[in-house]
Amino acid sequence: MTTRIPVAVLGATGLVGQEFVRRLEEHPWFELVAVGASERSTGRPYGDALRHRSCDPRPVTCDLTISPCTPDAIDAPIVFSALDGAVAGPIGEAFARAGAFVVSNARNHRLDDDVPLLIPEVNADHLELIERQRAVRGWSGAIVTNPNCATAVICLALAPLHQAFGLREVWVTTLQAVSGAGYPGVPSLDILGNVVPWIDGEEEKIVRESRKILGGRAHPGEFGVSAQVTRVPVEHGHTACIAARFARRVTTVEATSALREWRSAVADLGLPSAPTTPLRVRAEQDRPQPRRDVDRGDGMTVSVGRVREDGNGGIRLVALGHNLVRGAAGAALLNAELCVSALPALAGPAKIPASEERWPSG
């Protein structure tokens, strides 16, 4: 590829925004040409506008100036949104009306029946919703979303089992990292040595988004989901303790084989952000652990362990994924790469070839 596609990041100064900027610095398909943030940061050099720098040891070297988050100020065919949900909805719609592909990390539009809620390895065929979206809303651009950070981990772990055995009921308890709350996030005196058994709106997101992702394009999955979320004193990495029942009794051997043998729906597309192993099964009794496993696959691999029968025909397991990467910026980059590969008109002069199968499915 000789010409990279111009892209922009909105909400570029937050934790997720910084992760976007860092991952775009040497991206083979995309060239970061604009960064947007709130009015207080507009006109300032990007580095000077950062209120908090991520603990990632890799530096952010972006030398762009902060622009307003408007289509008049930012001209790019692909726009990544790391904006807070309080403002992301109308801003994303404005860019889509102006012809941009908006790849959003915000909660807005995730559950709209004409907006793809994507995990490319699982439900890439949901991109077909874009045609309906454009027809209904009358805009030339589009909005594509990635799920809530905990939902992404849960659905990647459950997808192979759902495809093999058919989910009927899911119970999940999460242990979510403090970086998932953004900056300044949870006060230290509230989280150090503590567990907070509530995150606003998180349980509802897990229930609704999981059923949309693992269901068909037109209808949510017909299985029950019960979620309990907690915030724990871990820097990065959301852990999910999952129990699931299926259309029939499933053994530990069957479940482990399904997880190990599962193949990503986009494995052959050559997407730069797609990990070689999106799902890694750990055999150790005490894994996965955030400290040891969160950075697998450059943060894009979900680690699964403690796969075992629950005594009632179901399966229990523990899943872990990086909330800022697989649950946010890395996921959105992968979604954009899928859009470019499946919709070659997006590539413009880059001429990225489309897959022989236009809509890969899990």
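Note: His162 and Phe246 fail the aromatic proximity criterion, with ring centroids not under 6.0 Å apart.
Using a 4.0 Å cut-off between a side-chain N of Lys or Arg and a carboxylate O of Asp or Glu, Asp298 and Arg23 qualify as a salt bridge.
Residues in residues 316-329 take part in these salt bridge (Lys or Arg N to Asp or Glu O under 4.0 Å) pairs, two or more places apart or across chains: Glu121-Arg326. Annotation: ring pair (Phe, Tyr, Trp, His ring centres under 6.0 Å) contacts involving residues 288-343, sequence neighbours excluded, comprise His236-His322. Every pair passing salt bridge (Lys or Arg N to Asp or Glu O under 4.0 Å) that includes a residue from residues 86-113 is listed here, sequence neighbours excluded: Arg110-Glu209, Asp112-Arg137.
When hydrophobic side chains of Ile, Leu, Val, Met, Phe, Trp and Tyr are connected at separations under 4.5 Å, Leu175 ends up clustered with Val195, Val232, Val234. Summarising the hydrophobic clusters (Ile, Leu, Val, Met, Phe, Trp, Tyr; side-chain heavy atoms under 4.5 Å, direct or chained), the residues clustered with Val102 are Leu10, Ile74, Val79, Leu83, Val87, Ile91, Phe95, Val115, Trp139, Ile143.
The line from SG of Cys149 to CD1 of Ile199 is 8.0 Å long, rounded to the nearest 0.5 Å.
Partners of Gln289 according to the side-chain contact (heavy atoms from CB on, under 4.5 Å) rule, which considers only residues two or more places apart in sequence or in another chain, are Asp286, Arg287, Arg292, Asp293.
Annotation for Tyr46 and Cys62: closest pair CD2-CB, 3.7 Å, computed over non-hydrogen atoms. Scanning all heavy atoms of the two residues, the minimum distance from Pro116 to Gln133 falls at CD-NE2, 3.8 Å. Closest heavy-atom contact between Gly327 and Asn105: O-OD1, 3.7 Å. Closest non-hydrogen pair, Cys155 versus Ile213, comes out as SG-CD1, 4.0 Å.
Side-chain N or O atoms of Thr277 include none that pairs as donor or acceptor with a backbone N or O of Leu279 at under 3.5 Å.
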